[in-house]
Enquirer: 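Structure below; questions to follow.
Residue indices begin at 1 and follow the sequence shown.
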Amino acid sequence: MKEHLSIVAVGDLMFGDHPVRFGNGVRSQTEKLGPDYLFSKVKSVWSDADIVFGNLEAVLSDIGLVSQKVESAEFRGAPSTVPALQRAGFNLLNFANNHCMEYGLEAFLETVDLVRKQGIFVTGLRSEAGGCIPYEIEKNGMKATLLSYSLCCENYYKGKEVPYAFSTEAQVLQEVATYRGRSDVLIVSLHWGEEYMTYPSPQQVVFARRLIDQGVHLILGHHPHVLQGVEKYKQGVIVYSLGNFVFDMWQKPTRQSMMLKARVSKEGTIEVEMIPLYINDLFQPEIPDKRFHPAFLQSMDRLGSMISEKYARLETDLPSLQADYLKLAHQKMLRNRFENYFFFLSHLYQYSPNVIYQSLTRSFKRRMEEVQAVVGER
């Protein structure tokens with residue numbers, strides 16, 4: 001018997017319509033074509049994997065849905081999507097992220113229940129002790145444990161305790177330490193970082209390396225919606241961001257992605273393969289022609305080298321490096337906002353008058369709230 005575990009990991013799975021794709025985004029397309037088409041170009045690649053992992057970035061529930069109301073329907077997938085995930089081969093989905101509570105506790109719980117009924121393990125749920133309910137698998141003479149956490153701000157739930165593993169770095173380190181040595185393979189999934197940044201923050205690098213020092217073999221990061229570098233550190237591998245996998249964002253960097261294939265031995269050695277992906281106009285991830293693979297690997301090498309180049313002074317200049325990074329991330333966020341405005345205005349012909357009115361009114365309201373918050377701080 002071969003003593004190794006094979007893992008396939010992909011990034012964000014969002015089965016609703018993005019606000020600037022409302023009426024022609026992922027959910028709208030799946031209602032026309034059925035959800036199975038989304039995975040038809042890639043699922044054969046992972047058919048023999050022991051673990052197929054993805055980050056479920058939207059609820060799959062119609063509880064509370066008000067048809068044609070943008071605020072009620074955006075980023076909301078249909079329940080009928082769940083069986084397609086099982087047929088595609090997913091057996092592990094993270095649901096600890098900043099969108100899982102967007103439509104309340106009932107929609108969250110229905111999504112978890114539907115996914116579980118398809119035989120898919122939902123990782124990232126909060127344990128009674130306030131940590132993460134672990135995913136554990138024993139196969140090929142090995143035992144593996146995966147823990148999932150969100151480090152992103154919770155924007156929707158106003159209750160005392162969220163139902164998922166929403167944690168601080170200190171809490172994650174403390175819990176991970178209790179699992180050290182209890183499995184042959186220890187994997188940690190992290191919803192973290194800053195959106196649209198192509199390299200991690202210095203604080204992320206410090207934290208990730210501390211996790212590896214605690215005995216973690218593989219870190220799977222998601223949230224930025226773009227690819228970031230993969231770092232080999234000591235005995236572990238850190239995937240800072242897997243990018244998108246199924247999403248209807250329109251900017252080119254958000255459509256360039258990858259599939260990570262990892263092979264972990266009982267001795268703890270890891271072999272990784274990065275397979276390029278591109279999200280096409282029907283929001284399907286597909287593998288580009290092989291002649292483009294060398295350029296993809298070169299770009300991933302470049303993203304990886306950015307980490308060591310930018311953070312050569314990490315130990316001595318962490319506060320200033322972190323401050324500079326957050327300033328740049330804020331600029332990226334503003335740039336993305338204006339790009340979305342431009343896309344929306346240049347595609348007005350795609351939206352109904354009602355959607356145009358809702359979108360413009362809401363955008364104006366949000367900007368006024370931001371101005372009022374700044375004035376209030378002064």
Enquirer: When rounded to the nearest 0.5 angstrom, what is the spacing between CH2 in W192 and SG in C152?
Expert: 10.5 Å
Enquirer: Which pair of heavy atoms, one from S189 and one from H222, lies closest together, and at what distance?
Expert: OG-NE2, 2.8 Å
Enquirer: Do you reckon L56 sits in the same ILVMFWY cluster as L65, going by side-chain contacts under 4.5 Å, direct or chained?
Expert: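 Shared cluster, no.
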Enquirer: Mind listing the closest non-hydrogen atom pair of I270 and G236 along with its distance?
Expert: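 Looks like CD1-CA, 4.5 Å.
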Enquirer: Answer with yes or no whether the hydrophobic clustering places I275 together with F292; edges join I, L, V, M, F, W, Y residues whose side-chain heavy atoms lie under 4.5 Å apart.
Expert: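 Different clusters: I275 never reaches F292 through Ile, Leu, Val, Met, Phe, Trp or Tyr contacts under 4.5 Å.
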Enquirer: Tell me if a side-chain donor or acceptor on D17 pairs with a main-chain N or O of G23 at a distance below 3.5 Å.
Expert: yes
Enquirer: Side-chain donor-acceptor pair under 3.5 Å between S6 and D50, yes or no?
Expert: yes
Enquirer: Under the 3.5 angstrom rule, does the side chain of R21 hit a backbone N or O of G16 as a donor-acceptor pair?
Expert: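 Pair absent, no side-chain N/O of R21 close to backbone of G16.
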Enquirer: Within a radius of less than 6.0 Å around CZ of F342, do more than 12 heavy atoms belonging to other residues, nucleotides or ligands occur?
Expert: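 Not more than 12 within 6.0 Å, no.
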Enquirer: Could you verify whether a donor N or O on one side chain and an acceptor N or O on the other, from S40 and Q284, lie under 3.5 Å apart?
Expert: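 Yes, a side-chain donor-acceptor pair sits under 3.5 Å.
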Enquirer: Give the cluster check for I212 versus L318: same hydrophobic cluster or not, with ILVMFWY residues linked at side-chain heavy-atom distances below 4.5 Å.
Expert: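 Linked, I212 and L318 end up in one cluster.
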Enquirer: Which atom pair, heavy atoms only, marks the closest approach of P285 to V246?
Expert: CD-CG2, 4.0 Å
Enquirer: Would you please indicate yes or no on a ring centroid separation below 6.0 angstrom for Y341 and F338?
Expert: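 Yes, close enough.
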Enquirer: Take atom CD of E136 as the centre, draw a 6.0 Å sphere, and report whether it contains more than 12 heavy atoms from other residues, nucleotides or ligands.
Expert: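 Enclosed: over 12 neighbouring heavy atoms sit under 6.0 Å from CD of E136.
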Enquirer: Checking Y164 against E154: is there a side-chain donor and acceptor pair closer than 3.5 Å?
Expert: yes
Enquirer: Side chains of V205 and Y233: closer than 4.5 Å at any heavy-atom pair?
Expert: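 No, their side chains stay 4.5 Å or more apart.
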Enquirer: With a 4.5 Å heavy-atom cut-off, do Q204 and Y325 have their side chains touching?
Expert: yes
Enquirer: Under 6.0 Å from the CZ atom of R210, do we count more than 12 heavy atoms belonging to anything else shown?
Expert: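 No, CZ of R210 has 12 or fewer neighbouring heavy atoms, counting only those of other groups under 6.0 Å.
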Enquirer: Could you check whether any side-chain N or O of S257 sits under 3.5 Å from a backbone N or O of L242, counting only pairs where one atom can act as donor and the other as acceptor?
Expert: yes
Enquirer: Are any non-hydrogen side-chain atoms of L190 and L211 less than 4.5 angstrom apart?
Expert: yes
Enquirer: Tell me which pairs pass salt bridge (charged side-chain N to carboxylate O under 4.0 Å, His left out) where either residue lies in residues 221-244, with sequence neighbours left out.
Expert: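 Of all non-adjacent pairs touching residues 221-244, those that pass salt bridge (charged side-chain N to carboxylate O under 4.0 Å, His left out) are R209-E231, D213-K234.
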Enquirer: For P79 versus D62, what's the shortest heavy-atom pair and its separation?
Expert: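 Heavy-atom minimum between the residues: CD-OD2, 3.7 Å.
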Enquirer: If hydrophobic clusters are built from ILVMFWY residues whose side chains come within less than 4.5 Å, do V52 and V45 share one?
Expert: yes
Enquirer: Quick one: pull up CD1 in I187 and CD1 in I7 and give me the separation to the nearest 0.5 Å.
Expert: 3.5 Å
Enquirer: Counting only heavy atoms not in R362 (residues, nucleotides, ligands), do more than 12 fall under 6.0 Å from its CZ?
Expert: yes
Enquirer: Look at K332 together with E194 and state whether they make a salt bridge at an N to O cut-off of under 4.0 Å.
Expert: no
Enquirer: Taking C-beta and beyond as the side chain, do L147 and Y179 meet within less than 4.5 Å on heavy atoms?
Expert: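 With C-beta onward as the side chain, the pair touches.
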Enquirer: Would you call I287 and H293 a side-chain contact if the rule is heavy atoms closer than 4.5 Å?
Expert: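 When only atoms from C-beta onward are counted, H293 and I287 do touch, with a gap below 4.5 Å.
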Enquirer: Could you please spell out the steps behind the side chain to side chain contact (heavy atoms under 4.5 Å, CB included) verdict for Q228 and L303?
Expert: CA-CA 6 Å; Q228 293 181 354; L303 291 176; 5.7 Å; no
Enquirer: Which one of D248, N244, D281 satisfies the side chain to side chain donor-acceptor pair (under 3.5 Å) criterion with R255?
Expert: D281
Enquirer: Please confirm whether the backbone N or O of T269 pairs with a side-chain atom of S265, one donor and one acceptor, at under 3.5 Å?
Expert: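 Such a contact is found between S265 side chain and T269 backbone.
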Enquirer: Using a 4.5 Å cut-off on heavy atoms from C-beta on, say whether the side chain of L105 contacts that of M101.
Expert: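 Yes; the side chains approach each other to less than 4.5 Å.
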Enquirer: Salt-bridge test for D184 and K139: reply yes if a basic N is under 4.0 Å from a carboxylate O, no otherwise.
Expert: no
Enquirer: Minimum heavy-atom separation for V70 and S359, please, with both atom names.
Expert: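 Between these two residues, the closest heavy atoms are CG2-OG, 4.5 Å.
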Enquirer: Do you know which of F108, F75, Y157, F15 makes ring pair (Phe, Tyr, Trp, His ring centres under 6.0 Å) with H99?
Expert: F75
Enquirer: Determine whether the aromatic ring centres of residues H347 and F343 are separated by less than 6.0 angstrom.
Expert: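 Close enough - the centres of the two rings lie under 6.0 Å apart.
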Enquirer: For V226, which fellow cluster members are found when Ile, Leu, Val, Met, Phe, Trp and Tyr are connected by side-chain heavy-atom distances below 4.5 angstrom, either directly or through intermediates?
Expert: none
Enquirer: What do you reckon, are the aromatic ring centroids of Y149 and H191 less than 6.0 Å apart?
Expert: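 Aromatic pair excluded; centres sit 6.0 Å or further apart.
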Enquirer: Over all heavy atoms of both residues, which pair between G124 and A96 is shortest? Give the atoms and the distance, please.
Expert: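 G124 and A96 have their closest heavy atoms at O-CB, 3.5 Å.
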Enquirer: With no hydrogens and no angle check, is any side-chain donor or acceptor of N98 less than 3.5 Å from a backbone partner on C153?
Expert: no
Enquirer: Looking at F90, Y135, F95, which one forms a ring pair (Phe, Tyr, Trp, His ring centres under 6.0 Å) with F121?
Expert: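 Answer to the ring pair (Phe, Tyr, Trp, His ring centres under 6.0 Å) test with F121 among F90, Y135, F95: Y135.
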Enquirer: So, taking the atom named CG in L146 and the one named CG in L92, what distance separates them when rounded to the nearest 0.5 Å?
Expert: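 Between L146 CG and L92 CG, I get 5.5 Å after rounding to 0.5 Å.
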Enquirer: Output yes when a side-chain donor or acceptor of Y37 lies under 3.5 Å from a complementary backbone atom of L282, and no otherwise.
Expert: yes
Enquirer: Side chain of W46, backbone of F53: donor and acceptor closer than 3.5 Å?
Expert: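 A pair under 3.5 Å: no.
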Enquirer: Is there a donor-acceptor pair closer than 3.5 Å between any side-chain N or O of Y311 and the backbone N or O of L321?
Expert: no
Enquirer: Please answer: with hydrophobic residues joined when any side-chain heavy atoms are less than 4.5 Å apart, are M249 and Y351 in the same cluster?
Expert: no
Enquirer: State whether the side chain of E161 and the backbone N or O of G130 hold a donor-acceptor pair below 3.5 Å, judged by distance alone.
Expert: no
Enquirer: Is any side-chain heavy atom of V239 closer than 4.5 Å to one of V230?
Expert: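 Touching, per the 4.5 Å side-chain cut-off.
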Enquirer: Between F296 and M258, does the side chain to side chain contact (heavy atoms under 4.5 Å, CB included) criterion hold? Intermediate values first, please.
Expert: CA-CA 9 Å; F296 162 77; M258 75 168 177; 3.6 Å; yes
Enquirer: Nearest 0.5 Å please: distance from the CG atom of D12 over to the CG atom of N55.
Expert: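 Nearest 0.5 Å value for the CG-CG distance: 4.5 Å.
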Enquirer: Check the surroundings of atom CD in Q235: do more than 12 heavy atoms from other residues, nucleotides or ligands lie under 6.0 Å from it?
Expert: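 Yes, enclosed.
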Enquirer: Indicate yes or no for a side-chain donor-acceptor contact from S183 to the backbone of L186 under 3.5 Å, with no hydrogens or angles considered.
Expert: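 No; zero donor-acceptor contacts below 3.5 Å.
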Enquirer: Can you confirm whether H330 sits close enough to L326 that some side-chain heavy atom of one is under 4.5 Å from a side-chain heavy atom of the other?
Expert: no
Enquirer: If you measure only the distance, is there a donor-acceptor pair under 3.5 Å linking the side chains of Q251 and Y196?
Expert: no
Enquirer: Rounded to the nearest 0.5 Å, what's the gap from NZ on K43 to CG on D36? Could you check?
Expert: 6.0 Å
Enquirer: Using the side-chain hydrogen bond (donor to acceptor under 3.5 Å, both in side chains) rule, collect all pairs that involve residues 300-309, keeping only residues at least two apart or in two chains.
Expert: none
Enquirer: Let's go through F344 and F22 carefully: what are the C-alpha distance in whole Å and the side-chain angles of both, what is the deciding distance for side chain to side chain contact (heavy atoms under 4.5 Å, CB included) to 0.1 Å, and is it a yes or a no?
Expert: CA-CA 10 Å; F344 179 79; F22 196 77; over 6 Å; no
Enquirer: Kindly determine whether L38 and F245 satisfy side chain to side chain contact (heavy atoms under 4.5 Å, CB included), including the steps that lead there.
Expert: CA-CA 10 Å; L38 289 168; F245 185 66; over 6 Å; no
